[in-house]
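Everything on this sheet refers to the single structure shown next.
Quick note on labels: first sequence line is chain A, next is B, and so on, each numbered from 1.
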Number of protein chains: 4
Amino acid sequence: MSAVVGKLRETVCRLHDELVRYNLVAWTAGNISGRVPGEDLFVIKPSGVSYDELSPESMVVCDLDGEPVGGELSPSSDTAAHAYVYREMPQVGGVVHTHSTYASAWAARGEAIPCVLTAMADEFGGEIPVGPFALIGGDDIGRGIVATLKGHRSPAILMRNHGVFTVGADARAAVKAAVMCEDVARTVHVARQLGEPLPIPRPAVDSLYDRYQNVYGQRSPR
Amino acid sequence: MSAVVGKLRETVCRLHDELVRYNLVAWTAGNISGRVPGEDLFVIKPSGVSYDELSPESMVVCDLDGEPVGGELSPSSDTAAHAYVYREMPQVGGVVHTHSTYASAWAARGEAIPCVLTAMADEFGGEIPVGPFALIGGDDIGRGIVATLKGHRSPAILMRNHGVFTVGADARAAVKAAVMCEDVARTVHVARQLGEPLPIPRPAVDSLYDRYQNVYGQRSPR
Amino acid sequence: MSAVVGKLRETVCRLHDELVRYNLVAWTAGNISGRVPGEDLFVIKPSGVSYDELSPESMVVCDLDGEPVGGELSPSSDTAAHAYVYREMPQVGGVVHTHSTYASAWAARGEAIPCVLTAMADEFGGEIPVGPFALIGGDDIGRGIVATLKGHRSPAILMRNHGVFTVGADARAAVKAAVMCEDVARTVHVARQLGEPLPIPRPAVDSLYDRYQNVYGQRSPR
Amino acid sequence: MSAVVGKLRETVCRLHDELVRYNLVAWTAGNISGRVPGEDLFVIKPSGVSYDELSPESMVVCDLDGEPVGGELSPSSDTAAHAYVYREMPQVGGVVHTHSTYASAWAARGEAIPCVLTAMADEFGGEIPVGPFALIGGDDIGRGIVATLKGHRSPAILMRNHGVFTVGADARAAVKAAVMCEDVARTVHVARQLGEPLPIPRPAVDSLYDRYQNVYGQRSPR
C-alpha cells in the first residue's frame, strides 16, 4: 500500500490508546476509522481484537461500501456505519464509536445532553443530540447518524440504547470529540443529580462556539 | 504436571491482571479458574494471595470435588462453587468471581439488570439474572449459580448480597463476561439515576444476540 | 536504630503505595503507622510530605505519647490519634487514616454503613460504626476511636465530618481494612442510590465473619 | 531568559502532570501558570497543546497584560484571566484552571460547596464560593475571580457554568488547591446524594483552618 495509507494505519492504531486512557472502552467495544485523503478508502480497527494487540498492520483498509480491500482480518462490526458516514458526509475525515458510560446512559434514556457548560458550547456548539434506535450491520445506524448530524454543529451523536458516534475533520478530531462528549456527559449528569443546572443563554453559546472554533489552539492546523 | 496444565496455570494467572486493570477487585477479593481440557481437573487462584504476587506456580490444581491435587497452597475460598459449576455444566471451561462495585450493588438489592443497551443484548442476550442468598463454603453457591444459569443465555449471575459469577467456554470468555457485566451494570445504573431507560423490543434483543454470537470478531476461534 | 525499626520503616513507607493505588488519598491527606514489636514506639508518615517523596528514612519514630524520638521531620498531624490508639488498644499493631471518598461521605452524614454485603460480614463482622466529631491535635480523636472500636468487631470507624480510621494486628492488616472499607462504602452507597439493599440475617453475618477470620487465606501467618 | 524563568518553566510544565494524575483534565482543557518572582511576568501553558507534548520550552512567558514576550506559541486561551489575577492580587504566585468533574457540576448549578468536611475547613476555611457567568477572552473572568476571592479564605472559586480557578502563593500551592477542591467537591456531592451532611460549627471550622495553615507540614516553607 502507499505511504499515505501506511501512515494512516499507524495514526488510527495509536489513537485507540486514547480510548483506553480515557476509559471510553471495555474489552474490545469501541473503534476508530480514518479516511484515506484523496481516495475512496478508509482505515478501521479489526473486529474483536483487544487494544493491547492492535498493530498498524492489523488495521483493515475498506472501500466506501465497507468492503475490505485485501488483508485477512475482518473489519469492525460497525464498519457499515462508518462507511455510510464517509459516503454521505464528504467533509468528515474520521469517525469514532464508543459505549462510554455516561454518554451511553443518556442514550439509554433517549435524552439529549443540554448545553449547560462552557466546554460544551466550545466543542459542540449546543446540545448533543440523540439519534434513533437502529440494529447493527446494515445502513440503519449510518443513516441515523447522517440524518441527525447533517447541518448540526455537534460532532457527536448519542444513538438510542446504544452509545456514541463522533465525527471530525480527521481521526484525531473525532477522538477528541469522543473524549469531550464523555467528559461533559459525566459532568452534566453529576450536576443534574442534585438539582437543575443553570441554562447558558443562546447568544453566549454562539459566542463561545465561534471563539473556540476560530481562536483556540495554535495557528498551525490542529 | 503435563504441558497442558502448565499452559493453563500461565493463562489463568495472567487473566487476573484483567480483573485488576478493569477495577473489578479490591485487595484479594476475586478469582478465576479454568478447566483442564479432557481431564476432571481445574486450575484456580490460591486463597488470600494478592494479585501482585500471583505466579503460574502458585495456581492450585483441583479435582471436580474442589480438592487440591498436590501443591502446598490452599485454593480460593470459592473453590467449592467453581467445582460445582464444572461438575454440572460440562460446556463451561472457565469461571470468574468478583465483587465488582456496580454489579454487586444490583445484587445487594436483589435486582436483575434490565436489558436496555445493545451491548447487553450482544453479550448477555437479555437481562442479567439474580441468584439466591447463599453462604460460602458448601455447595449452596454452586447450586444457586447452576439453577439460574442452566438454560439461560446470560453467562453472568448476580448472587444476592454477594457479587458476580460468570462462566464461559474458557477462562478468557468468563473474564470477558465479568468485564462486560460490570460495564453494563454501571451504565444502566447511571441511566436509571435520572429516569427510566427505554426498553429494547424483544425481537431486536434476539437479533442483536444472534448476530454477536455468530458474526462478531475474527473467524478463528475466540 | 535497630534492624526491627529499619524493617518497619520500609514496610510502613511501602504500604503508602497501596493508599495511592486504591485512590484512598489526595495530595498528602492520609497516613499509616506501625507499632514497633516489643517496644513503646511506633513508626509514622511525616507531615505534609507527598507520597512520591516518601522514603524509609523519612518515616518518623514516635513514643506512645506521640513525641518524635530523634529525627528532623515532624510526624503526621494525626500522630496524637495514632498514639492514643496504641496506648489504649494493646492488640493493635497498625493504624491507618484516610479521607477516602465514599467512606467520608457516610461520615459527613454521620451514618453507619449497614452490613448488606457478604464481603462486609467477612471483614467487618457487621456495620461500620460512626465516631464523634472531634478536633484534630489533642486526644479527642483517639478517644473517639477507642470508645467506639473497643469491643466492636469492625476494624474501621467513620469519624463524623472527617474520614476513616482503621486498625489491625499490623500495619498491613490496617491498610487492608482501609481498602475494604472504601470498597464496601462505595458499593453500599451505589446500591442505596436506587432503592433499599436487602438485609443479611444476623446468623448469616456471624457465620460469614467466623469463617473468614478463621479459614480464609493460607495457613501461614498473613 | 534568566535562570529563574528557566526553572519556573520546568516547574510549571511538570505540575501539569498532577492535573493528569488526579483526573482533573480531559484532552487539553486545563492550565497552570506561575508568576516570575520580582518581575511583571508569568509563565503559562500554551493553548491547545496536549499534556504529553508539553516541555519547559513550550511554556509561554507573558507580561501582566497577558501578552506573550517572545516565543512562537500562543498562550492558553485563559491567559487574560490569569493576567488579571496577577495584576490585582499581588500575593498570588500561581493560578490553576480546570473543568474537573464534580467541582464543575456544582458550578453548573451555581451552588457553593458547603463546608461539611474537616479537610474543607483545613484547606478552604469554609465554603467554596461561586463566581459569575462570564465569557472567555476579555477581563470578565478575571474580574469575577478577584471580586469573589479578595478577602475570602478560599483559594478556589467555582465559575458558573464553567469550572474552577484556584490561586496560591506559588503554582504548586494553586495545584494543591485544585486537587483538594475536586476531592471535597466529590465527597460532598456523594454525601448529599443520600441525605443532608451534618454541619460543622463555625468555631470548629475556624480552629481547623487556623491549625492547618500554621501547624501542618514541615517547618521549612512548603
Closest non-hydrogen atom pair between [X] and [Y], with its separation:
{"X": "B:L117", "Y": "A:S104", "answer": "CD2-O, 4.2 Å"}
{"X": "A:W27", "Y": "B:Y22", "answer": "N-OH, 2.8 Å"}
{"X": "A:N161", "Y": "B:V116", "answer": "ND2-O, 2.8 Å"}
{"X": "A:R109", "Y": "B:E196", "answer": "CG-O, 3.8 Å"}
{"X": "B:A191", "Y": "A:A108", "answer": "CB-CB, 3.9 Å"}

To the nearest 0.5 Å, atom CG of A:D52 lies from atom CG of B:D17 at 10.5 Å
### Task
Can you measure from CG (B:D122) to NE2 (A:H162) and round to the nearest 0.5 angstrom?
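Taking CG in B:D122 and NE2 in A:H162, the distance rounds to 7.5 Å.
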From the list B:V184, B:D183, B:V188, B:L194, the residue making the most non-hydrogen contacts under 4.5 Å with chain A is B:L194
Residue from B:T187, B:T118, B:L198 scoring the most non-hydrogen pairs under 4.5 Å with chain A is B:L198
The interface call for B:M120 against chain A, heavy-atom contacts under 4.5 Å, is neither
Okay, B:E182 and chain A: the region with an atom under 4.5 Å from a heavy atom over there is neither
(message) Within the 4.5 Å heavy-atom criterion, are A:I136 and B:R211 side-chain neighbours or not?
(response)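 Yes, at least one pair of side-chain atoms sits under 4.5 Å.
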Requested in this report: Taking the side chain as every heavy atom from C-beta outward, state whether B:V190 and A:H189 have any pair of such atoms under 4.5 Å apart.
Outcome: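 Yes, close enough: below the 4.5 Å cut-off.
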Honestly, the part of A:D78 sitting under 4.5 Å from a heavy atom of chain B is neither
**Message:** Is A:T28 close to chain B through its backbone or its side chain, or both, or neither, when contacts mean heavy atoms under 4.5 Å?
**Reply:**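 Both the backbone and the side chain of A:T28 come within 4.5 Å of chain B.
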**Study point:** Heavy-atom neighbours of A:D65 CG exceed 12 at 6.0 Å
**Key:** yes
